[in-house]
Number of protein chains: 2
Amino acid sequence: MSATIKSVAQYAGVSIKTVSRVINNEGTVKPDTLAKVQQAIDALDYRPNKAARDLAGRDNYVLGYVYDNPNAYYILAMQNGILKECRSNGYELLIHPCDATNPDIIDELVNMVNSARLAGLILSPPLSEMPDVLHAMDEKGIQYVRVLSGDKAPDDKPCVLVDDYQAARQITGHLLDQGHRRIAFIAGEKQHHSTTERQRGFYQALADHGIKADPELVIDGTYSFGTGVQSIQQLLALPEPPTALFACNDEIAAGALFGARMQGVDVPEALAIAGFENSPFSTQTFPPLTTASQPTAQIAQRATSSLIRSLQARKRKAENHTIPADIFVPELIVRESTSR
Amino acid sequence: MSATIKSVAQYAGVSIKTVSRVINNEGTVKPDTLAKVQQAIDALDYRPNKAARDLAGRDNYVLGYVYDNPNAYYILAMQNGILKECRSNGYELLIHPCDATNPDIIDELVNMVNSARLAGLILSPPLSEMPDVLHAMDEKGIQYVRVLSGDKAPDDKPCVLVDDYQAARQITGHLLDQGHRRIAFIAGEKQHHSTTERQRGFYQALADHGIKADPELVIDGTYSFGTGVQSIQQLLALPEPPTALFACNDEIAAGALFGARMQGVDVPEALAIAGFENSPFSTQTFPPLTTASQPTAQIAQRATSSLIRSLQARKRKAENHTIPADIFVPELIVRESTSR
DNA sequence: TTGGCTAATGACAGCGCTGTCATTGAGTGT
DNA sequence: ACACTCAATGACAGCGCTGTCATTAGCCAA
């Protein structure tokens, strides 16, 4: 049988109420008492019983993860990170796939939150970037945390930032360091902020090296293999084709790699290719792709943690309890697709 | 506030325990008492409080989905199907990724079931095919449903079957119908029954046409892009290379397609390629892959439904309540990669 | 020192239900 | 008519936690 609040209290030599205060972060516990309790919790591997909390308290300890994203790897990684944090805080997760282009999406979300009595929502792109959705949530008093592309929080509501701009700058910088001067860029859907941020980083890196981007080398597409194949054909047909390519994600990069090979262009010898995301795709190509890795699960975990802290803060009516936004910069991973 | 068991009892003029008996279908209530209670429930629109039931009872109304499978698309589809069925039955889902090769996997699962007081488990391959795991669950009295590759239930415990054998036979048959006689096969991990079943179907289809399989054309590998690339190189180097390939899944097929193209071999003109699974991979290649589609979400839903029915049956001690196994046969999807 | 205050902690009831066991009452055989 | 079943129902404790309120300890000013 697993540990209960009672056994933790006994172990730590305090009352169950004090343990309750610790697990709810009520903040009115002396540091050394807190340490004792924390230690007891760890020692006994205690996890609050959700049913009991739900029954005794007035809120439900359930969070919702709403997503609309075709990238299964991303979703799963997010989910794992969220789950991990939920578990260690005695929350449960309700998973809700949805269609962001559905005009009734807002009603759908509000209904879901109400009928399942969710404590809060975790939003990832593109939902986290839809002003209408966010506005509706604010209006209904629904708490949420967003995972966002950017380097600065747009407001003081909880969010976790992924600095695509900086990472894209690094990738482009890497290509420039290899001596490339004609570097192409293939963009994904422009609705995703990640796309525009990555593009911004691309331009900035060029500018850093005093290079003017050639508009011919920048192509708009979608986050798909097909975009990569088509775009690279177009690029290679240019009178002066690029010597390097930065694709907005690995899937596009894989498509471009495929397309280049089909045309007899060697990678990386004649064309260096870099992707973004470090998806399983990126190691399954020949040669493997240089890319940028976002620690998605960790991002999700941090986001969930912010949400929970914000929920707890609101519960005890702490004022202005703003949680500083975390920033993650995806890390450059150099593989053979860009080796000299 | 919604009605509680107490208010229903008062309204019906019985004790709360009798109401409890009614809502749990315990069957020891006199018909007219039952009618009275039922009427009270309807009148007050009473819905049992899940948290209270969980806390008081011995099981939670929570199911667990345990998986170890690198295929994110598969997991997500399973998850969605399970979720759908859970919701319509008032159950909740706990998701637990794990590592099937971990020697402590059994302890891990037993611990999880106990500490979360799960009502039952949904097991997909490879976990559903590990005798040790199943045996341990039986021993501990943990209920489960398996998703299995096969066409016959191995025992009378709940399971849902996916007939890979039949589907593989159909795919190979399709290749044969196109006139191919030298057909290669690339296998995935042999621990997965799906691999051996697909291979069995491959051999059977050849036998149906009086063709003896050439051992040179059958290659063992893993369910990966890399396996496809390497294997096709090996196959094309043969003095008498195959004219068609059946790869154990789409990822291998995509790798093989990539590898063939790199060697200047046209698909489907010089080499027909078929995959399996109908994963998003299969439409993102050029040309798109012929494959077999399994309705994973539906399979998951059916599995969950079996589990729930079996749980309820056991609760009211119904004997011999065997639920017949469902069988799904993945459906052949013909695309350009095998067109004549 | 004394009273008055606040921060830290504890005692205890009760959330809505189920499990266990006790009680009732109708039916049975002699 | 008698004890004897057994089906039907009820009384009651308690699941593990939180909310409320009481208590204690620690501190300061007078």
Side-chain angles (χ1 to χ4, degrees), chain A residues 1-38 40-41 44-62 89-92 117 119 311-312 315-318, chain B residues 1-37 40-41 44-62 90 114-117 119 311-312 315-317:
Chain A
M1 274 311 129
S2 59
T4 69
I5 197 171
K6 211 168 157 184
S7 54
V8 173
Q10 202 158 29
Y11 188 103
V14 299
S15 74
I16 58 169
K17 184 64 222 191
T18 298
V19 178
S20 171
R21 287 190 177 100
V22 171
I23 60 184
N24 287 294
N25 269 315
E26 287 183 24
T28 54
V29 179
K30 265 207 304 203
D32 51 341
T33 312
L34 194 141
K36 262 194 312 190
V37 173
Q38 204 56 260
I41 289 176
L44 301 175
D45 188 30
Y46 167 70
R47 307 259 186 68
N49 177 314
K50 182 189 160 300
R53 296 180 100 177
D54 283 349
L55 187 56
R58 74 168 58 107
D59 309 315
N60 256 349
Y61 288 77
V62 182
N89 285 279
Y91 277 78
E92 234 156 70
R117 286 189 189 152
L311 250 22
Q312 289 172 341
K315 188 167 185 177
R316 81 184 93 90
K317 286 152 194 160
Chain B
M1 272 306 146
S2 56
T4 69
I5 198 171
K6 211 167 158 183
S7 54
V8 173
Q10 201 158 31
Y11 188 102
V14 298
S15 74
I16 57 169
K17 183 65 221 192
T18 299
V19 178
S20 170
R21 289 191 176 100
V22 171
I23 59 183
N24 288 293
N25 266 314
E26 290 185 23
T28 54
V29 179
K30 265 207 305 202
D32 52 339
T33 312
L34 193 142
K36 262 195 312 191
V37 173
I41 289 176
L44 301 176
D45 189 29
Y46 167 70
R47 305 243 340 251
N49 177 315
K50 185 182 162 303
R53 295 181 98 175
D54 282 350
L55 186 57
R58 86 163 53 104
D59 302 318
N60 275 188
Y61 288 74
V62 181
N114 288 339
S115 70
R117 295 164 82 198
L311 250 24
Q312 288 172 342
K315 191 160 186 178
R316 78 181 93 89
K317 286 152 194 162

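All values below were derived from every heavy atom in this structure, side-chain atoms included, with hydrogens, water molecules and symmetry-related copies excluded. A note on names: the letters A, B, ... follow the listed sequences, proteins ahead of strands, and every chain is numbered from 1.
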Whole-Å distance between [N] [atom2] and [X] [atom1]?
X: A:Gln10; N: D:dC17; atom1: CD; atom2: P; answer: 14 Å
X: A:Lys50; N: D:dG16; atom1: NZ; atom2: C1'; answer: 13 Å
X: B:Asp54; N: C:dC15; atom1: CG; atom2: P; answer: 18 Å
X: A:Asn25; N: D:dT18; atom1: CG; atom2: C1'; answer: 15 Å
X: B:Asp32; N: C:dA26; atom1: CG; atom2: P; answer: 13 Å
X: A:Glu26; N: D:dG19; atom1: CD; atom2: C1'; answer: 9 Å
X: A:Lys6; N: C:dA11; atom1: NZ; atom2: C1'; answer: 13 Å
X: B:Lys36; N: D:dA8; atom1: NZ; atom2: C1'; answer: 12 Å

With the side chain counted from C-beta on, respond yes when A:Val14 and A:Val19 share a heavy-atom pair under 4.5 Å apart, and no when they do not.
yes
Quick one: does A:Arg47 reach the base of D:dG16 with a side-chain donor-acceptor pair under 3.5 Å?
no
When only distance counts, do a donor and an acceptor, one from the side chain of B:Arg21 and one from the base of D:dG10, lie under 3.5 Å apart?
yes
Check whether any side-chain N or O of A:Asn49 sits under 3.5 Å from a backbone N or O of A:Thr4 as a donor-acceptor pair, and report yes or no.
no
Below the 4.0 Å mark, does [N] have OP1 or OP2 next to a side-chain nitrogen or oxygen of [X]?
X: B:Thr4; N: C:dG16; value: no
X: A:Asn49; N: D:dC15; value: no
X: B:Thr33; N: D:dT9; value: yes
X: B:Ser15; N: D:dA11; value: no

Among [options], the one nearest [X] by side-chain distance:
X: B:Thr18; options: D:dT9, D:dT18, C:dC17; answer: D:dT9
X: A:Val14; options: C:dG10, D:dG14, C:dC12; answer: C:dG10
X: A:Arg53; options: D:dT9, D:dT18, C:dC17; answer: D:dT18
X: A:Leu55; options: C:dG16, D:dG10, D:dC17; answer: C:dG16
X: B:Thr28; options: C:dT9, D:dT18, D:dT9; answer: D:dT9
X: A:Tyr46; options: C:dT18, D:dT18, D:dC17; answer: D:dC17

Taking for each residue the nucleotide of DNA chain C bearing the nearest heavy atom, is the 5' side occupied by B:Ala51 or by B:Lys17?
B:Ala51
By nearest heavy atom, map A:Val29 and A:Ile16 onto DNA chain C; which one lands nearer the 5' end?
A:Val29
To the closest 0.5 Å, what do you measure between [atom1] ([X]) and [atom2] ([Y])?
X: A:Asn24; Y: A:Arg53; atom1: CG; atom2: CZ; value: 5.0 Å
X: A:Asn25; Y: A:Leu311; atom1: CG; atom2: CG; value: 11.5 Å
X: B:Ile23; Y: B:Arg47; atom1: CD1; atom2: CZ; value: 11.5 Å

CA sep, side-chain torsions, deciding dist, call: A:Val29, A:Val37, side-chain contact (heavy atoms from CB on, under 4.5 Å)
CA-CA 10 Å; A:Val29 179; A:Val37 173; 5.7 Å; no
If you assign B:Ala56 and B:Pro31 each to the DNA chain D nucleotide with the nearest heavy atom, which residue ends up on the more 5' nucleotide?
B:Pro31
